[in-house]
Student: 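Take a look at the following structure, please.
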Amino acid sequence: MAVSLQKGQKVDLTKSNPGLAKILVGLGWDTNKYDGGADFDLDAAAFLLGSNGKVTSDGDFVFYNNLKHASGAVEHMGDNLTGDGEGDDEQIKIELGKIPANIEKIDFTVTIHEAEARKQNFGQVSNAFIRIVDDGNNQELIRYDLGEDFSVETAVVVGELYRNNGEWKFNAIGSGFSGGLAALGRNFGVNV
């Protein structure tokens, strides 16, 4: 059974799951009733970060316009433009053994595409979650439901994988940002 996390909780991933090599990070959400006339398009991304909390190059930002990291360790499975339906809306596959040694953390984010122009924010989003699945047996290992803590934010750092004494752990972050993808990119050192 999956470990269900609260905001700020950290849990071991590889130590309690020996042999874990490939994981699937599933992100999902629903939109509340919204009558702004524009579609609601949320986008998942992964930032591969060094010890300073920044990307080492713009290629360490994996998203709908850069689907695969050069190392082959992180692959975004494609952009879902509507978020309709049950389950994961976007997925990112990770091969733990291929993550470059200089990468200490991988932060997972969700942003609202053209949020300012469309007058959209995370106050209009519900049932947002991130889950970590063992890609070998399709077993859900970790789940973090974000709750309804957001209002005007247009980007959220949902959670992160991080190295600790040679093992991988997961941190449920749930931290909102204003300024969307550009603000997140600047925070992580991406040239935007």
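Residue numbers start at 1 and run along the sequence shown. The model shown is predicted, which means the values in this text are computed figures rather than measured ones.
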Student: Indicate the atoms forming the closest heavy-atom contact of Ser175 with Phe150, along with that distance.
Tutor: C-CE2, 4.3 Å
Student: Consider only side-chain heavy atoms of I, L, V, M, F, W and Y, link residues closer than 4.5 Å, and tell whether Val11 and Phe129 are in one cluster.
Tutor: no
Student: Working to the nearest 0.5 Å, report the span between NZ of Lys93 and NZ of Lys68.
Tutor: 10.5 Å
Student: Determine, using the 4.5 Å side-chain heavy-atom cutoff (strictly less than), whether Phe63 and Leu24 are members of one ILVMFWY cluster.
Tutor: no
Student: How many angstroms lie between atom CG of Asp30 and atom CD of Gln124, to the nearest 0.5 angstrom?
Tutor: 14.0 Å
Student: Is there a donor-acceptor pair closer than 3.5 Å between any side-chain N or O of His113 and the backbone N or O of Asp43?
Tutor: no
Student: Check step by step if side chain to side chain contact (heavy atoms under 4.5 Å, CB included) holds for Ile112 and Arg118.
Tutor: CA-CA 9 Å; Ile112 301 173; Arg118 296 177 180 184; over 6 Å; no
Student: Is there a donor-acceptor pair closer than 3.5 Å between any side-chain N or O of Thr154 and the backbone N or O of Gly179?
Tutor: yes
Student: Using the rule side chain to side chain contact (heavy atoms under 4.5 Å, CB included), only one of Thr109, Val158, Val156 pairs with Leu27; which is it?
Tutor: Val158
Student: Identify, with sequence neighbours excluded, every residue that meets side-chain hydrogen bond (donor to acceptor under 3.5 Å, both in side chains) alongside Asp107.
Tutor: none
Student: Show me, pair by pair, the donor-acceptor contacts under 3.5 angstrom made by side chains of residues 49-58, not counting sequence neighbours?
Tutor:
from	atom 1	to	atom 2	distance (Å)
Asn52	OD1	Lys54	N	2.9
Lys54	NZ	Asn187	O	2.6
Thr56	OG1	Asp60	OD2	2.4
Ser57	OG	Gly59	N	3.2
Asp58	OD1	Asn191	N	3.0
Asp58	OD2	Asn191	ND2	3.4

Student: Considering non-hydrogen atoms only, spot the tightest contact between Phe61 and Ala45 and give its length.
Tutor: CE1-CB, 3.7 Å
Student: If I compare all heavy atoms of Leu13 with all of Ser16, which pair ends up nearest, and what's the gap?
Tutor: O-OG, 3.8 Å
Student: Gln9 and Gln6: which non-hydrogen atoms are nearest, and at how many Å?
Tutor: OE1-N, 2.5 Å
Student: Enumerate, atom names and distances included, each donor-acceptor pair closer than 3.5 Å involving a side-chain atom of residues 161-171, sequence neighbours excluded.
Tutor:
from	atom 1	to	atom 2	distance (Å)
Arg163	NE	Ile103	O	2.7
Arg163	NH2	Ile99	O	3.3
Arg163	NH2	Pro100	O	2.8
Arg163	NH2	Ile103	O	3.3
Glu167	OE1	Thr14	OG1	2.5
Glu167	OE1	Lys15	N	3.2

Student: Is there a side chain to side chain contact (heavy atoms under 4.5 Å, CB included) between Asp134 and Asn17? Walk through the geometry before answering.
Tutor: CA-CA 9 Å; Asp134 181 336; Asn17 297 288; 5.9 Å; no
Student: In terms of hydrophobic clustering (I, L, V, M, F, W, Y; side-chain heavy atoms under 4.5 Å; direct or indirect links), are Leu141 and Ile94 co-clustered?
Tutor: yes
Student: Between Gly174 and Tyr144, which heavy-atom pair has the shortest distance, and what is it?
Tutor: CA-OH, 3.5 Å
